[in-house]
Amino acid sequence: MSLLERIDQDVKEAMKAGQKDKLTVLRGLKSDIKYKQIELISESMTDEQVIGVLSTAAKKRRESIEQYRLGKREDLAQKEEFELGVITEYLPQQLSEARLRELIQEAISETGADSPQKMGLVMKALMPKVKGQADGKLVSRLVSEFLAK
């Protein structure tokens, strides 16, 4: 079962169970996926493309949570956390920080990067390997730490 089929199935189950909040999130995801499909001028999307859309949606929710917390709007932050929880059900399992550090070391060795100015090279080599499995902010911070040593 593809990821898109799984989301469709969960939409049906959420409708039958009367889970309005989850249904709203899933319909929003389907809309985002449809927009991406139109943008790509494609009749179907691969799971990798769907994961890209879901990763973007998760990133938006994380940023919103951060902003709402800064603005002391806990009610809105909790709503975004719920939506993030629904989205992460469809994303691949997140990499542990230890595994991420190993992948960063490998990418640094592959690229031969030795200074913070070469961070782009490392990120370019690393991001395809961790797409959807790690937060980009965390990856960026860890790469910076490694290259600053």
Side-chain angles (χ1 to χ4, degrees), residues 1-111 119-147:
M1 179 184 290
S2 76
L3 204 48
L4 198 53
E5 290 170 344
R6 191 172 144 214
I7 292 171
D8 286 338
Q9 182 68 32
D10 287 352
V11 166
K12 289 177 190 169
E13 288 176 13
M15 282 193 305
K16 287 179 184 173
Q19 298 170 323
K20 291 181 181 178
D21 293 336
K22 185 175 182 178
L23 184 60
T24 301
V25 175
L26 293 174
R27 284 182 171 158
L29 290 177
K30 284 194 65 167
S31 173
D32 291 346
I33 292 167
K34 188 72 177 174
Y35 274 113
K36 188 66 174 182
Q37 193 174 357
I38 291 168
E39 184 183 308
L40 296 173
I41 311 172
S42 173
E43 289 186 21
S44 63
M45 291 187 58
T46 64
D47 276 354
E48 288 78 25
Q49 291 169 324
V50 173
I51 287 171
V53 172
L54 296 176
S55 295
T56 302
K59 181 180 176 185
K60 285 180 188 174
R61 298 315 190 283
R62 283 190 200 102
E63 290 172 356
S64 294
I65 290 167
E66 192 177 311
Q67 292 301 313
Y68 286 137
R69 291 248 157 84
L70 287 174
K72 301 193 187 304
R73 294 293 313 261
E74 191 60 35
D75 55 328
L76 295 174
Q78 287 177 353
K79 181 180 174 256
E80 294 290 325
E81 280 181 340
F82 172 76
E83 292 180 9
L84 180 61
V86 172
I87 294 167
T88 54
E89 289 176 19
Y90 302 100
L91 289 172
Q93 185 175 4
Q94 298 295 296
L95 293 172
S96 68
E97 191 170 318
R99 177 68 183 134
L100 192 54
R101 287 179 184 274
E102 290 173 16
L103 290 172
I104 291 170
Q105 282 287 15
E106 289 173 18
I108 289 173
S109 297
E110 285 173 17
T111 59
M119 184 173 170
L121 283 174
V122 177
M123 293 298 284
K124 187 177 177 183
L126 184 64
M127 287 312 287
K129 295 176 185 173
V130 301
K131 187 175 184 180
Q133 298 177 328
D135 180 25
K137 265 186 183 175
L138 175 64
V139 173
S140 176
R141 183 177 57 82
L142 292 174
V143 169
S144 292
E145 285 177 16
F146 273 94
L147 293 176

TODO: Could you give me the CA-CA distance, side-chain angles and deciding distance for Glu102 and Arg99, then say whether salt bridge (Lys or Arg N to Asp or Glu O under 4.0 Å) is met?
DONE: CA-CA 5 Å; Glu102 290 173 16; Arg99 177 68 183 134; 3.0 Å; yes
Task: Residues Glu63, Lys59; criterion side chain to side chain contact (heavy atoms under 4.5 Å, CB included); working and verdict - done: CA-CA 6 Å; Glu63 290 172 356; Lys59 181 180 176 185; 3.2 Å; yes
TODO: Test side chain to side chain contact (heavy atoms under 4.5 Å, CB included) on Met45 and Val53 and set out the steps.
DONE: CA-CA 10 Å; Met45 291 187 58; Val53 172; 4.1 Å; yes
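At least one side-chain heavy atom of Met15 sits less than 4.5 Å from a side-chain heavy atom of Arg27. In this structure, Glu80 and Gln67 have side chains that are not in contact, with every pair of non-hydrogen atoms separated by 4.5 Å or more.
Distance check, rounded to the nearest 0.5 Å: OH of Tyr35 to NZ of Lys30 gives 14.0 Å. Between atom NZ of residue Lys131 and atom CG of residue Leu126 there is a gap of 13.5 Å, rounded to the nearest 0.5 Å. For the atom pair CG of Leu70 and CD1 of Ile65, the computed distance is 12.0 Å after rounding to the nearest 0.5 Å. Distance OG1/Thr56 to CZ/Arg61: 10.5 Å, rounded to 0.5 Å. Rounded to the nearest 0.5 Å, atoms CD1 (Ile33) and CD (Gln49) are 10.5 Å apart. Annotation: the span from Asp10 atom CG to Leu29 atom CG amounts to 10.5 Å, rounded to 0.5 Å.
Between the side chain of Gln37 and the main chain of Glu43, a donor-acceptor pair closer than 3.5 Å is present. The backbone N or O of Gln105 lies less than 3.5 Å from a partner atom in the side chain of Ser109, making a donor-acceptor pair. Not a single donor-acceptor pair under 3.5 Å links the side chain of Ser140 to the backbone N or O of Gly136.
Counting non-hydrogen atoms of other residues, nucleotides and ligands closer than 6.0 Å to NZ of Lys129 gives a total above 12. Dense packing is recorded around CZ of Phe82, with more than 12 heavy atoms of other residues, nucleotides or ligands lying under 6.0 Å away.
Residues Glu66 and Arg69 are not paired through a salt bridge, judged by the lack of any N-O separation under 4.0 Å between the basic side chain and the carboxylate. The pair Lys79-Asp21 fails the salt-bridge criterion, with no side-chain N (NZ, NE, NH1 or NH2) lying under 4.0 Å from an Asp/Glu carboxylate O. We find that Lys36 and Glu39 are joined by a salt bridge, their nearest charged nitrogen and carboxylate oxygen being less than 4.0 Å apart.
Between Arg101 and Leu142, the shortest heavy-atom distance links the atoms NH2-CD2, 3.4 Å. Between Ala58 and Ile87, the shortest heavy-atom contact is CB-CG2, 4.0 Å. Nearest heavy atom pair, residue Leu4 against residue Asp47, reads N-OD1, 4.4 Å. Residues Leu3 and Tyr90 approach most closely at CD1-O, 3.6 Å, considering heavy atoms.
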